[in-house]
There are 2 protein chains.
Amino acid sequence: MTNENKFHVQRYSAREVHERAAIEKVLDNQYVAHVGFIDPDTHSPFVIPMGFARDNNRILIHGSSGSRIMMSLAKGIEICVTVTQLNAIVVARSAFNSSMNYESVMIFGQARVLSDDEKSLALERITEKLIPGMWSYARPMTKKESAATLIVELSLDKLSAKARTGEPSDDEEDVSLPIWAGLLPLETKLGAPITATNAAGIEVPSHLL
Amino acid sequence: MTNENKFHVQRYSAREVHERAAIEKVLDNQYVAHVGFIDPDTHSPFVIPMGFARDNNRILIHGSSGSRIMMSLAKGIEICVTVTQLNAIVVARSAFNSSMNYESVMIFGQARVLSDDEKSLALERITEKLIPGMWSYARPMTKKESAATLIVELSLDKLSAKARTGEPSDDEEDVSLPIWAGLLPLETKLGAPITATNAAGIEVPSHLL
């Protein structure tokens, strides 16, 4: 997946609006980012899956204020946050030309810890990304819960995006072979809500249907 | 997603067979691994999505022998390969207790380049993981294609796995609230094959249906 079409975006400009929209769509579609950093103690690379939400020109990552990873991120260590969307298996006439259609976004930089004043909006964004409609429906967040949550933001100023799209690219001499080629689309969707044992009898709210 | 139940596996032992099976299932279900490493030139962390396949106690990663990333991996730099499967959105009565059900596996170590003799079996494993039935159906791989492909293996000896499973964990005082809680299962599946424009009229082979 690394030797395919690439498009790089260093700064946000009019020329890149289309690509920017595609990048935002990937970030908005995906729930998990893979956050890479160098462990300050061992100097080894680490890649951790974390929930995230995009809010305008930043992504928000949250975790327990006691979590070692969140504390490292809060210190402003250098990170690389990669978000990947897999769209299809690309079946060519040969194994060599078979591939995957995907879009991926790598964001580079140093995260910044949000102040208490900035937290409320960020918590709403994170919640609404995960479960649209939840913020106004759920039991409101308490001050204690907010205090126990560390939120960092990473701007989208420095990013790189890659994609492979479209049909298989077969060698010219392979196209006439009696071998099928095409795409196997990968579809991810939310299934029907499963009510928790201790919520039996409570109606599934309309924002989840 | 980082402050949930963790289970660590350092070495393969009888006691960990159940966990080992769960780990292998995640690796076998997922197409993409996020490969983290420290760029030798800039000393910055990088996280790259790459196709991979498990084969017994190793994962195989392949790419063009001209690719900068593959050449770095081939040098035996330290890497962290993370594979994540997202299973459900966990909807609690509060935003704070909402979460995601997931399984993730982090594999640590240094990759080793496969020799020409070792490549053929590895290419078959990689192809069959992506498209089961492809190896015997497709136009056979040429020596030139094999030579243009660099394959590295990373053993599963040093890994760490994490998971969040089950129902929402609400605060005791929240359970009596008239608020729904439960799971929104995430389902990923392959859709119906889409025939390539230049393969019109060729029947979709049975191994793809």
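Lettering of chains follows the sequences in order, A, B, ..., and the numbering in each one begins at 1.
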A.B. asks: By a 4.5 Å heavy-atom criterion (distance strictly below it), what part of A/Ile131 contacts chain B: side chain, backbone, both, or neither?
C.D. replies: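 Only the side chain of A/Ile131 comes within 4.5 Å of chain B.
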
A.B. asks: Answer with side chain, backbone, both or neither: which region of A/Ala92 has an atom nearer than 4.5 Å to a non-hydrogen atom of chain B?
C.D. replies: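 The backbone, not the side chain.
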
A.B. asks: Under 4.0 Å between a Lys/Arg side-chain N and an Asp/Glu carboxylate O for B/Arg54 and B/Glu24?
C.D. replies: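 Answer for the salt bridge query: yes.
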
A.B. asks: Flag the pair A/Thr82 / A/Ile107 as yes when at least one side-chain heavy-atom distance between them is below 4.5 Å, and no otherwise.
C.D. replies: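 Result no, sub-4.5 Å side-chain heavy-atom pair not found.
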
A.B. asks: Using a strict cut-off of less than 4.0 Å between a Lys/Arg side-chain nitrogen and an Asp/Glu carboxylate oxygen, indicate whether A/Lys119 and A/Asp116 qualify as a salt bridge.
C.D. replies: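 Here A/Lys119 pairs with A/Asp116 in a salt bridge, since their nearest N and O are under 4.0 Å apart.
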
A.B. asks: Is it the side chain or the backbone of B/Glu187 that comes within 4.5 Å of chain A heavy atoms, both, or neither?
C.D. replies: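 The answer is both parts of B/Glu187.
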
A.B. asks: Of the backbone (N, CA, C, O) and the side chain (C-beta and beyond), which part of A/Ser44 lies under 4.5 Å from a heavy atom of chain B, both, or neither?
C.D. replies: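 Both backbone and side chain of A/Ser44 come within 4.5 Å of chain B.
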
A.B. asks: Need one label for A/Asp171: side chain, backbone, both or neither, based on atoms under 4.5 Å from any heavy atom in chain B.
C.D. replies: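 The answer is the side chain of A/Asp171.
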
A.B. asks: With a 4.5 angstrom heavy-atom cut-off, is it the side chain or the backbone of B/Thr195 that approaches chain A, or both, or neither?
C.D. replies: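 Both parts, backbone and side chain.
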
A.B. asks: Heavy-atom cut-off 4.5 Å, strictly under: side chain, backbone, both or neither for B/Ala88 against chain A?
C.D. replies: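 Nothing of B/Ala88, per the 4.5 Å heavy-atom cut-off to chain A.
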
A.B. asks: Identify which of A/Gly36, A/Ala181, A/Ala148 forms the greatest number of heavy-atom pairs closer than 4.5 Å to chain B.
C.D. replies: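 It is A/Ala181.
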
A.B. asks: Do you know which of A/Ile179, A/Thr127, A/Leu184 has the most heavy-atom pairs with chain B at a distance under 4.5 angstrom?
C.D. replies: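 Highest number of pairs under 4.5 Å: A/Ile179.
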
A.B. asks: Could you tell me which of B/Pro205, B/Ser146, B/Cys80 has the largest number of non-hydrogen atom pairs under 4.5 Å with chain A?
C.D. replies: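 That would be B/Cys80.
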
A.B. asks: Would you call A/Arg139-A/Glu145 a salt bridge at under 4.0 Å N-O?
C.D. replies: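 Between A/Glu145 and A/Arg139 there is a salt bridge, with a charged N closer than 4.0 Å to a carboxylate O.
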
A.B. asks: Examine whether an atom of A/Ile89 lies under 4.5 Å from a heavy atom of chain B, and if so say whether it belongs to the side chain, the backbone or both; otherwise answer neither.
C.D. replies: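 Answer is side chain: those atoms of A/Ile89 sit under 4.5 Å from chain B.
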
A.B. asks: At a heavy-atom separation under 4.5 Å, does A/Pro193 approach chain B through its side chain, its backbone, both, or neither?
C.D. replies: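 For A/Pro193, heavy atoms of backbone and side chain both lie under 4.5 Å from chain B.
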
A.B. asks: Roughly how far, to the nearest 0.5 Å, is the CD atom of A/Glu128 from the CG atom of A/Asp55?
C.D. replies: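 Going from CG on A/Asp55 over to CD on A/Glu128, the span is 12.0 Å.
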
A.B. asks: Measure distances from A/Thr197 to the heavy atoms of chain B and classify the residue's part below 4.5 Å as side chain, backbone, both or neither.
C.D. replies: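 Both backbone and side chain of A/Thr197 come within 4.5 Å of chain B.
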
A.B. asks: So what's closer than 4.5 Å to chain B heavy atoms on A/Asp174: side chain, backbone, both or neither?
C.D. replies: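 For A/Asp174, side-chain heavy atoms alone lie under 4.5 Å from chain B.
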
A.B. asks: Verify side-chain hydrogen bond (donor to acceptor under 3.5 Å, both in side chains) between B/Glu118 and B/Ser115, making sure each step is shown before the conclusion.
C.D. replies: CA-CA 5 Å; B/Glu118 295 169 309; B/Ser115 69; 3.2 Å; yes

A.B. asks: Give the C-alpha distance, both sets of side-chain angles, the deciding distance and a yes or no for salt bridge (charged side-chain N to carboxylate O under 4.0 Å, His left out) between A/Arg68 and A/Asp41.
C.D. replies: CA-CA 12 Å; A/Arg68 192 165 153 266; A/Asp41 297 327; 3.5 Å; yes

A.B. asks: Test A/Arg125 against A/Leu60 for side-chain contact (heavy atoms from CB on, under 4.5 Å), laying out the working first.
C.D. replies: CA-CA 8 Å; A/Arg125 292 278 187 277; A/Leu60 301 163; 3.9 Å; yes

A.B. asks: Could you tell me which portion of A/Val90 (side chain, backbone, both or neither) has an atom closer than 4.5 angstrom to a non-hydrogen atom of chain B?
C.D. replies: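 Contact with chain B is through the backbone of A/Val90 alone.
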
A.B. asks: Test ring-ring contact (aromatic ring centres under 6.0 Å, His included) on A/Tyr102 and B/Tyr31 and set out the steps.
C.D. replies: CA-CA 11 Å; A/Tyr102 72 99; B/Tyr31 294 104; over 10 Å; no

A.B. asks: Can you tell me which portion of A/Glu78 sits under 4.5 Å from chain B's heavy atoms? Options are side chain, backbone, both or neither.
C.D. replies: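 It is both, since atoms from each part get that close.
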
A.B. asks: For the interface with chain B, which of A/Gly66, A/Pro168, A/Ala95 has the highest count of heavy-atom pairs at distances below 4.5 Å?
C.D. replies: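 It is A/Ala95.
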
A.B. asks: Within a strict 4.5 Å, meaning less than it, do heavy atoms of the B/Met50 and B/Leu73 side chains meet?
C.D. replies: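 When only atoms from C-beta onward are counted, B/Leu73 and B/Met50 do touch, with a gap below 4.5 Å.
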
A.B. asks: Using a cut-off of under 4.5 Å on heavy-atom pairs, state which of A/Ala192, A/Gly191, A/Pro140, A/Ala199 scores highest against chain B.
C.D. replies: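 Going by pairs under 4.5 Å, I would pick A/Gly191.
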
A.B. asks: Determine the option with the most heavy-atom pairs under 4.5 angstrom with chain A, choosing from B/Pro185, B/Gly201, B/Ala138, B/Gly182.
C.D. replies: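 Option with the greatest count: B/Pro185.
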
A.B. asks: Does any backbone or side-chain atom of A/Tyr137 lie under 4.5 Å from a heavy atom of chain B? Answer side chain, backbone, both or neither.
C.D. replies: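 Both backbone and side chain of A/Tyr137 come within 4.5 Å of chain B.
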
A.B. asks: What closest approach, in Å, do B/Ile48 and A/Lys162 show between heavy atoms, and which atom pair accounts for it?
C.D. replies: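 Looking at all heavy atoms of both residues, the shortest contact is CG2-NZ, 4.1 Å.
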
A.B. asks: Under the side-chain contact (heavy atoms from CB on, under 4.5 Å) criterion, do B/Val152 and B/Leu114 qualify, and how do the steps go?
C.D. replies: CA-CA 6 Å; B/Val152 297; B/Leu114 297 193; over 6 Å; no

A.B. asks: Under 4.5 Å heavy-atom distance to chain B, tell me which part of A/Glu203 shows up: side chain, backbone, both or neither.
C.D. replies: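 Just the backbone, heavy atoms under 4.5 Å.
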
A.B. asks: Under a 4.5 Å cutoff for heavy-atom pairs, which residue among B/Leu177, B/Val91, B/Val35 has the most contacts with chain A?
C.D. replies: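 Most heavy-atom pairs within the cutoff with chain A belong to B/Val91.
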
A.B. asks: Just checking, any donor-acceptor pair under 3.5 angstrom between side chains of B/Asn198 and A/Arg93?
C.D. replies: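 Yes, a side-chain donor-acceptor pair sits under 3.5 Å.
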
A.B. asks: Who wins among A/Leu208, A/Thr188, A/Ile194 for the most heavy-atom pairs under 4.5 Å with chain B?
C.D. replies: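 Top count of heavy-atom pairs under 4.5 Å with chain B: A/Ile194.
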
A.B. asks: Does B/Gln85 reach the side chain of B/Ser104, with side-chain heavy atoms less than 4.5 Å apart?
C.D. replies: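 Result no, sub-4.5 Å side-chain heavy-atom pair not found.
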
A.B. asks: Which region of A/Ala200, side chain (C-beta onward) or backbone (N, CA, C, O), has a non-hydrogen atom less than 4.5 Å from a non-hydrogen atom of chain B, or is it both or neither?
C.D. replies: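 Neither; nothing under 4.5 Å.
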
A.B. asks: How long is the straight-line distance from CG of A/Leu186 back to NZ of B/Lys189, given to the nearest 0.5 Å?
C.D. replies: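 CG of A/Leu186 is found 10.5 Å from NZ of B/Lys189.
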
A.B. asks: Quick one: what part of A/Ile79 sits under 4.5 Å from any heavy atom of chain B, side chain, backbone, both or neither?
C.D. replies: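 Just its backbone gets close to chain B.
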
